[in-house]
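Have a look at the structure below, then the notes.
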Amino acid sequence: MVGYLYNILKRKHILSVVIFVMFLICFGAKTSWASDPTGEHTFALDFRGVDMSESFSWVLLTGFTILFMQVGFIFLGGFLQAKNVLSYMTHCFLATTLGALIYLAAGFAFMFGGFEFLGRHLGGGNSFIGWSGFLLLGEAYDVRTVMLFLFQAVVATFIGSIIAGAVAERMKLSAYVISFFFIYTVIYPLYGHWIWGEGWLFNLPFGVGVRDFAGSGVVHAIGGSIAFVGAYFLGPRIGKYKEDGTPGFIPGHNVGYMILGTVLLAFGWLGYDAGSTLAAGDLRASVVAANTFIAGAMGAVTVLYYSYLKTGAADIGEACNGFLAGLVAISASCAYVAPWAAVSIGFLGGVVYVTSVWFVERKLKVDDPLGAVSVHGANGLWGLLSIGVFADGTYGGVSGLITGNGGQLLSQFIACITAIAWAGGLGCLMYFVLKITIGIRVSRRVELTGLDVNLHGTPCYRFEAAGPAFGPEPE
Amino acid sequence: MVGYLYNILKRKHILSVVIFVMFLICFGAKTSWASDPTGEHTFALDFRGVDMSESFSWVLLTGFTILFMQVGFIFLGGFLQAKNVLSYMTHCFLATTLGALIYLAAGFAFMFGGFEFLGRHLGGGNSFIGWSGFLLLGEAYDVRTVMLFLFQAVVATFIGSIIAGAVAERMKLSAYVISFFFIYTVIYPLYGHWIWGEGWLFNLPFGVGVRDFAGSGVVHAIGGSIAFVGAYFLGPRIGKYKEDGTPGFIPGHNVGYMILGTVLLAFGWLGYDAGSTLAAGDLRASVVAANTFIAGAMGAVTVLYYSYLKTGAADIGEACNGFLAGLVAISASCAYVAPWAAVSIGFLGGVVYVTSVWFVERKLKVDDPLGAVSVHGANGLWGLLSIGVFADGTYGGVSGLITGNGGQLLSQFIACITAIAWAGGLGCLMYFVLKITIGIRVSRRVELTGLDVNLHGTPCYRFEAAGPAFGPEPE
Amino acid sequence: MVGYLYNILKRKHILSVVIFVMFLICFGAKTSWASDPTGEHTFALDFRGVDMSESFSWVLLTGFTILFMQVGFIFLGGFLQAKNVLSYMTHCFLATTLGALIYLAAGFAFMFGGFEFLGRHLGGGNSFIGWSGFLLLGEAYDVRTVMLFLFQAVVATFIGSIIAGAVAERMKLSAYVISFFFIYTVIYPLYGHWIWGEGWLFNLPFGVGVRDFAGSGVVHAIGGSIAFVGAYFLGPRIGKYKEDGTPGFIPGHNVGYMILGTVLLAFGWLGYDAGSTLAAGDLRASVVAANTFIAGAMGAVTVLYYSYLKTGAADIGEACNGFLAGLVAISASCAYVAPWAAVSIGFLGGVVYVTSVWFVERKLKVDDPLGAVSVHGANGLWGLLSIGVFADGTYGGVSGLITGNGGQLLSQFIACITAIAWAGGLGCLMYFVLKITIGIRVSRRVELTGLDVNLHGTPCYRFEAAGPAFGPEPE
Amino acid sequence: MKKIEAIVRPERFEIIKDALSDLGYDGMSVSEVKGHGNYKGVSEVWRGKRYRVDILPKIKIELVVPDKDCEKVIQTIVDEAKTGTVGDGRVFVFDVADAHRIRTGEKGDKIF
Amino acid sequence: MKKIEAIVRPERFEIIKDALSDLGYDGMSVSEVKGHGNYKGVSEVWRGKRYRVDILPKIKIELVVPDKDCEKVIQTIVDEAKTGTVGDGRVFVFDVADAHRIRTGEKGDKIF
Amino acid sequence: MKKIEAIVRPERFEIIKDALSDLGYDGMSVSEVKGHGNYKGVSEVWRGKRYRVDILPKIKIELVVPDKDCEKVIQTIVDEAKTGTVGDGRVFVFDVADAHRIRTGEKGDKIF
Ligand SMILES: Nc1ncnc2c1ncn2[C@@H]1O[C@H](COP(=O)(O)OP(=O)(O)O)[C@@H](O)[C@H]1O
Ligand SMILES: Nc1ncnc2c1ncn2[C@@H]1O[C@H](COP(=O)(O)OP(=O)(O)O)[C@@H](O)[C@H]1O
Ligand SMILES: Nc1ncnc2c1ncn2[C@@H]1O[C@H](COP(=O)(O)OP(=O)(O)O)[C@@H](O)[C@H]1O
């Protein structure tokens with residue numbers, strides 16, 4: 001076995017092992033103790049210290065709930081066919097693991113280099129890109145910086161899961177994995193740097209500059225844009241469109257999973273949005289949480305009612321997407337608006353969702369199995385804009401149209417355009433290169449018989465009373 | 001599409017749109033900045049401020065776990081037949097969304113108008129009803145008030161989910177939705193006001209007045225009473241009783257869901273009960289959490305052992321209900337008793353559960369698919385009473401029988417009677433009116449072929465290897 | 001019914017009732033008010049008080065997430081056959097309920113008697129055993145002690161769930177239940193006392209003595225060792241090995257559950273490890289959480305990549321175990337190492353996992369359905385050792401090999417040997433006695449037709465469109 | 001000996017089974033099938049659109065009976081399965097060449 | 001009257017059904033079976049090891065047709081189901097002794 | 001050509017399949033059915049009460065064999081499926097009117 005392992009590695013992958021070992025050595029060598037890795041100097045039994053330690057509890061706990069949202073994303077696989085569910089879940093699983101590791105290696109450094117967090121300034125960076133904190137080595141080995149990393153790493157994992165929803169049921173695993181290296185080091189971190197890392201978008205001269213409290217733009221619009229491009233390059237699933245171009249019927253295998261996943265995501269979302277204060281002393285968190293909840297609920301009720309009017313059935317699966325649409329829409333604006341505005345934003349989020357689904361599916365003929373483009377992409381953009389409309393000026397000096405102020409909306413609009421251009425453009429490049437090199441779509445046979453058994457070696461479900469008979473294959 | 005949307009709305013629902021738009025306008029107009037919507041004045045880097053911000057973290061995070069309990073409720077649908085599971089889950093979903101929105105519009109104002117929270121007094125209210133904080137407008141746009149709303153809104157969502165368990169597999173969706181408007185504006189908020197809003201029950205002259213730490217009475221007894229009335233008016237499911245009146249066999253489709261849901265609820269329950277201190281500085285929270293856990297575990301073990309004695313099988317589904325029964329029973333008393341008493345309360349909670357199931361099913365012949373009446377109703381009442389018995393006088397001056405004090409038990413007993421009379425009486429009225437107007441029960445054909453495919457347009461599960469063939473219907 | 005209940009109890013179990021009632025009485029009688037059961041004296045609006053209340057919030061909330069991890073354990077049942085899934089889930093359910101109650105009655109007292117927590121010293125104990133805090137009576141009725149109990153009780157529940165994974169699909173419920181009384185009062189608490197209760201292992205003279213931050217040794221190595229012995233005494237499942245000794249094919253019924261359970265456990269694990277600071281003022285928590293996440297992700301990616309190299313399929317089920325392996329491995333060392341070391345520990349955790357699976361399954365021929373021995377046992381030991389290797393001296397004065405220090409590794413090694421000898425030895429004794437008395441394995445007929453329907457009276461799943469016909473059995 | 005294969009509505013199955021039991025025919029095998037017939041199906045909703053689903057769940061009952069009882073059993077099934085609306089199903093009858101009861105090893109008509 | 005039992009690949013089912021519909025044969029019952037044949041199966045992976053699974057999902061189509069149409073229907077099925085690789089399946093034909101349509105009570109050839 | 005339909009206990013299926021493979025009969029189709037027979041069922045527990053469930057999971061094996069091998073195959077199945085307790089199941093045999101192998105288009109006895 002050990003010999004076997006060795007053989008495998010030796011035969012084709014000896015290089016990667018060498019590289020990995022070299023990494024380990026250089027990690028060790030480069031580690032410096034310049035910063036405060038234990039928090040001893042950061043904490044003290046005084047007001048600043050107690051307030052600081054509170055913020056630690058707050059950010060860590062909300063960060064954990066953000067990681068937990070991946071369980072919700074995985075549940076959304078109920079909207080797919082039973083034969084492809086493992087494939088989708090593996091995509092989410094990879095976002096949670098591989099995505100976070102790539103972000104650790106480089107993405108975080110590009111995104112937050114030069115950023116100041118809880119009073120600690122993190123290395124170098126300019127308004128276009130950061131370059132500090134690679135692998136949390138050196139002076140990034142500090143309790144505050146590591147905490148920022150943790151919070152941002154779990155947020156970053158969403159990008160992969162959002163894309164997974166649009167490319168589901170037909171994408172090659174290898175292409176999906178390779179795309180991560182580009183997405184998690186370039187597309188996502190750079191745009192993130194421009195807003196959250198206080199880069200050029202953040203400092204636009206209109207209004208107070210672009211604001212995006214909890215990622216409508218940075219996470220959802222970017223993820224949704226890449227997702228759209230991916231779904232476009234892949235083409236629709238077999239059976240998704242009939243010859244006359246009308247959409248066919250490819251129902252999911254477990255609508256209950258969708259409901260479970262949605263409510264679970266709602267829970268995490270409250271933690272995510274409220275935790276984005278990144279400081280326990282910012283009591284606005286309660287308004288943030290309430291707004292998030294209200295907008296999500298309003299999105300859900302809107303879409304449920306609409307589906308009932310249109311089809312005569314209370315389409316609970318779509319209502320779940322409406323819930324998520326409301327949550328995405330409020331993410332940017334949750335801190336800047338009043339609860340009544342959250343009702344409006346959620347309602348309009350539902351409207352944006354159904355309109356976008358109709359447009360993407362019927363007009364653009366792009367097949368998006370989970371509705372990721374409409375939920376995350378379209379509502380991410382609407383979320384960015386909603387600040388420019390509904391911000392009431394009470395928080396962070398951000399004032400929208402309702403206070404008679406148009407500048408902020410202009411900033412937010414520029415952020416939208418930039419998101420589409422940046423993520424859409426680089427996404428096209430990436431999927432195009434992948435398509436002409438290794439290919440991005442599985443074969444027709446694999447798609448028809450199911451990705452799970454072909455790529456992952458097993459179907460997801462086996463409910464037979466009697467197991468089939470087997471003989472182990474000679475190795 | 002937009003035209004289509006417009007047509008639909010115009011054709012039959014133009015009115016609702018007009019009303020909605022009017023709402024939006026009046027929201028905007030009425031918004032005032034009198035209070036502290038950002039928390040700037042509430043927080044300061046002093047002891048009060050730091051303590052306050054701690055309480056914010058505490059209440060918000062536990063509030064999130066309360067919302068999360070809805071995932072647990074949804075999982076309990078495993079106890080129903082596969083063909084009706086979406087219907088039940090949609091009920092829970094509506095409680096989480098529509099229920100919360102109605103509570104936002106009016107319920108919260110009726111329940112907590114005139115209440116003081118973390119030092120902030122909320123508008124007007126007397127000992128029978130509150131009238132302040134509608135839609136969180138005006139002076140309710142304050143970080144503390146909004147936080148109280150958030151915590152209370154997620155708690156309020158439970159009412160709908162409790163009822164869903166008893167009316168499952170046969171109730172019309174329309175009737176269920178309409179009943180919400182009455183439940184979430186009248187039945188629940190008013191009773192809640194009398195105890196949690198410090199109304200007349202809270203100030204009864206026996207003992208210290210009625211106490212209900214985390215809702216055995218306000219939430220579970222009220223929800224259970226309405227659930228009982230609903231199940232009674234609906235009548236039993238087809239096949240539930242044979243001609244000779246003995247109960248038939250309608251097994252659930254996924255007992256594992258029941259286990260998952262129960263342990264998930266237990267997690268949330270710890271947050272719910274402990275968070276009900278509503279202040280981080282109240283260290284009693286640890287005893288509250290431990291009591292909750294202990295009582296639940298004891299209820300589970302009791303019912304599991306009893307089922308084994310009675311049937312020879314370790315009936316894990318019933319044991320789950322025993323767990324929940326223990327949790328419901330301790331909810332009122334968790335802060336007032338010692339851990340040894342929690343063992344007793346949980347044990348008796350299990351006994352109350354099995355006795356109540358037998359009584360409701362065999363004697364009253366009321367069909368309660370999930371056992372909601374026994375878990376929430378019967379144990380909610382027992383929970384209220386348990387304070388009067390086991391409170392040991394260490395906390396809040398509440399002393400029960402074991403300290404030789406009978407007054408508290410009298411107060412708690414009055415609260416029980418009131419809960420049954422109020423929720424039972426108004427529940428009867430409500431379901432009676434619904435029954436003679438729009439009807440509350442689905443047709444026999446719908447019930448036999450499944451509510452999911454008839455009301456929601458799809459079954460929950462589709463595990464077929466090959467999808468069936470379809471053609472889109474001409475619209 | 002009541003008469004019926006009475007009859008049952010009278011007939012064969014009157015004794016247990018008498019004992020229970022006697023317990024209740026003596027509980028009540030012995031309760032003393034010597035300590036601070038309300039926290040009034042522990043909290044004050046000063047720095048110590050505010051810091052203390054923060055720690056309460058922190059420890060309680062992370063404790064809740066630990067309880068929640070049981071939902072993750074239950075989900076892992078997807079790796080078993082559909083006919084035995086309730087049996088496994090019931091084992092986890094019993095760990096969560098009965099296990100915690102036994103721990104309340106005695107285990108906690110043996111483990112933490114004599115321990116000081118947040119400045120409060122808990123009764124008597126020496127370096128081999130504690131003897132204070134039984135049933136949280138007397139002076140243990142104190143907010144700090146009760147909080148320690150809560151945190152430790154939820155941690156303790158894992159032992160049962162770990163074992164459940166290895167003995168699944170063939171163990172008698174009665175034997176499983178009885179083993180708990182020994183495991184939760186002797187095997188686990190005593191070893192726990194030696195390290196966490198600051199017993200003799202903690203004070204070994206090599207390095208700073210044994211350290212185990214969040215239970216690689218105390219929880220996982222002990223649980224894994226008992227699990228191994230249990231699986232060994234039970235023998236393999238029917239069909240697990242062919243006549244020629246090669247392993248057969250017994251696939252699980254729901255791989256998606258495995259993924260859900262794993263990510264859910266990862267969430268809880270972050271809370272568990274970070275919460276193990278047991279103090280909010282210890283800002284190292286952020287490094288702890290990040291290390292945990294990184295090591296888990298690295299273990300997952302390692303095993304996924306290895307499975308792909310070896311079989312050509314991306315074996316997501318094994319990758320889930322790799323995730324868990326990384327989490328187990330980092331549990332001991334999470335506070336003492338830098339993020340780069342967490343990458344290495346997670347990578348090696350994955351390697352240890354695949355090696356151990358091969359060794360246990362192919363060489364030792366022990367049947368471990370969920371891989372509990374390899375995930376928890378082997379990686380628990382590796383986790384203990386990893387401190388001795390990678391601790392960088394920044395925290396708690398713990399320095400490993402990489403700082404040129406060998407003493408710590410010696411301490412950790414002694415802890416490993418002790419864990420194997422203690423849990424393995426007592427485990428052998430326990431299972432041997434059970435085997436020759438009541439028997440530990442179900443009959444061949446029960447195993448073939450499924451434990452669920454035989455022991456629990458129902459299969460887990462019923463997806464039939466039409467329910468079968470039934471007549472109630474005359475009682 | 002004849003084998004009767006009846007394809008019926010799931011919701012009628014219980015009633016048919018009870019009727020057959022009353023007649024004394026306990027032996028049968030039941031399975032779930034999907035049927036496609038004159039009935040053009042129900043419509044279902046997915047992602048906000050209606051689709052016509054032309055293949056619906058049915059229950060297939062298979063039972064082997066002695067030749068002489070065949071008519072009676074068919075009549076019972078037809079009576080109990082009928083609702084009069086499209087989709088009620090079909091009954092088919094086949095000749096059985098041989099039959100064995102596994103437990104006893106008996107053959108032919110002795111298996112009843 | 002003949003009963004045709006076709007065991008085919010799940011992924012061919014839709015196409016076969018549409019072809020039969022076009023021919024005018026709408027009535028059929030469909031079920032999922034597991035097949036075991038010349039084809040020695042696919043290999044699956046469990047807990048890091050490959051196993052050969054020699055029993056694979058198939059779709060069984062059962063339809064009863066008048067004697068005269070039998071050949072035509074079989075030919076259609078064979079044509080549409082064929083991929084030319086091992087595991088394509090089989091078609092079996094049986095005599096039907098009797099047939100009833102439940103809704104109308106009609107018998108014999110009138111059921112079509 | 002004959003079609004053999006065996007209804008057996010799920011837990012005996014593997015053994016029967018292996019025995020048939022040893023005999024050289026690899027082709028078969030397997031499905032899950034629910035059986036109702038002399039055996040009055042097991043009892044199950046739901047919500048704390050026992051119920052007698054008179055319809056139990058069985059495995060249905062269908063295989064078509066040349067006339068001459070029929071006896072041998074039946075004997076093998078009966079031998080391997082027998083446990084001697086109620087509920088062992090039945091074997092039924094039917095005449096096959098015609099058979100086609102889809103992959104090759106072969107007919108009749110050439111399909112084996
Ligand atoms: N020719 C056939 N062969 C096999 N099964 C059939 C055939 N025709 C109908 N069926 C079965 O009978 C069911 C009912 O048939 P359908 O034509 O819808 O109803 P009805 O007989 O009331 O007109 C179908 O769903 C199908 O399962
Ligand atoms: N003798 C048989 N009796 C019943 N079904 C059979 C028989 N032989 C094959 N089948 C069915 O036909 C399917 C395809 O058979 P197989 O031998 O694998 O393919 P091919 O006919 O292309 O060689 C099998 O999976 C099985 O379901
Ligand atoms: N007349 C019948 N027609 C079709 N299947 C039958 C018939 N009788 C029994 N079976 C099948 O055989 C199985 C075993 O029958 P049962 O009478 O319980 O056992 P035994 O033959 O050992 O007495 C039943 O579950 C059923 O699936």
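Naming convention: chains lettered A, B, ... in sequence-line order (proteins, then strands); numbering from 1 in each chain.
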Testing the basics here: between [X] and [Y], what is the closest heavy-atom pair and its distance to 0.1 Å?
| X | Y | answer |
| --- | --- | --- |
| Ser286(A) | Val143(B) | OG-O, 2.6 Å |
| Phe47(A) | Phe47(B) | CE2-N, 3.4 Å |
| Leu135(B) | Pro339(A) | O-CB, 4.5 Å |
| Ala280(A) | Ser53(B) | O-CB, 3.5 Å |
| Trp58(A) | Leu60(B) | CH2-CD1, 3.7 Å |
| Pro459(B) | Val255(A) | O-CG2, 3.9 Å |

Which atoms of [X] approach chain A - backbone, side chain, both or neither, heavy atom under 4.5 Å:
| X | answer |
| --- | --- |
| Leu94(B) | side chain |
| Val50(B) | both |
| Leu455(B) | backbone |
| Leu104(B) | side chain |

Is [X] close to chain B through its backbone or its side chain, or both, or neither, when contacts mean heavy atoms under 4.5 Å?
| X | result |
| --- | --- |
| Ile402(A) | neither |
| Asn291(A) | neither |
| Ala279(A) | neither |
| Leu304(A) | side chain |
| Cys320(A) | both |
| Val357(A) | neither |
| Phe359(A) | neither |

Just wondering, do [Y] and [X] contact through their side chains at under 4.5 Å, heavy atoms?
| X | Y | answer |
| --- | --- | --- |
| Asp282(A) | Phe56(B) | no |
| Asp51(A) | Phe43(B) | yes |
| Phe293(A) | Val154(B) | yes |

Closer than 3.5 angstrom, by distance alone: can the side chain of His456(B) be matched with the main-chain N or O of Ala314(A) as a donor-acceptor pair?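 Checked: pair present.
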Thr38(B) side chain to Tyr395(A) main-chain N or O, any donor-acceptor pair under 3.5 Å?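 Not a single qualifying donor-acceptor pair exists.
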Which distance, rounded to the nearest 0.5 Å, do you find between the [atom1] of [X] and the [atom2] of [Y]?
| X | Y | atom1 | atom2 | result |
| --- | --- | --- | --- | --- |
| Cys460(B) | Ile259(A) | SG | CD1 | 6.5 Å |
| Leu101(B) | Met298(A) | CG | CE | 6.5 Å |
| Ile66(B) | Leu270(A) | CD1 | CG | 11.5 Å |
| Thr42(B) | Leu283(A) | OG1 | CG | 6.0 Å |
| Gln70(B) | Thr262(A) | CD | OG1 | 13.0 Å |

Just give me the residue among [options] that pairs up with chain A most often, heavy atom to heavy atom, under 4.5 Å.
| options | value |
| --- | --- |
| Tyr461(B), Tyr257(B), Phe93(B) | Phe93(B) |
| Phe75(B), Phe149(B), Phe151(B) | Phe75(B) |
| Leu136(B), Val85(B), Asp46(B) | Asp46(B) |

For a quick check under 3.5 Å, do Glu54(A) and Ser57(B) share a side-chain donor-acceptor pair by atom type?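 Checked: Glu54(A)/Ser57(B) side chains show no N/O donor-acceptor pair below 3.5 Å.
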Given the rule in the side-chain contact (heavy atoms from CB on, under 4.5 Å) test, do Tyr141(B) and Thr394(A) qualify, once you have shown the distances and angles that lead to the verdict? CA-CA 11 Å; Tyr141(B) 184 20; Thr394(A) 50; 3.5 Å; yes
When heavy-atom pairs shorter than 4.5 Å are enumerated against chain B, which of [options] gives the highest number?
| options | answer |
| --- | --- |
| Leu260(A), Val301(A), Asp315(A), Leu264(A) | Leu260(A) |
| Ala290(A), Ala274(A), Ala82(A) | Ala290(A) |
| Ala335(A), Ala300(A), Gly281(A) | Gly281(A) |

Passing candidate, ring-ring contact (aromatic ring centres under 6.0 Å, His included) with Phe68(A), options Phe267(B), Phe68(B), Phe64(B):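 Single pass found, and it is Phe68(B).
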Enclosure of Tyr176(B) OH (heavy-atom neighbours >12, cutoff 6.0 Å):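 Check passes, neighbour count above 12.
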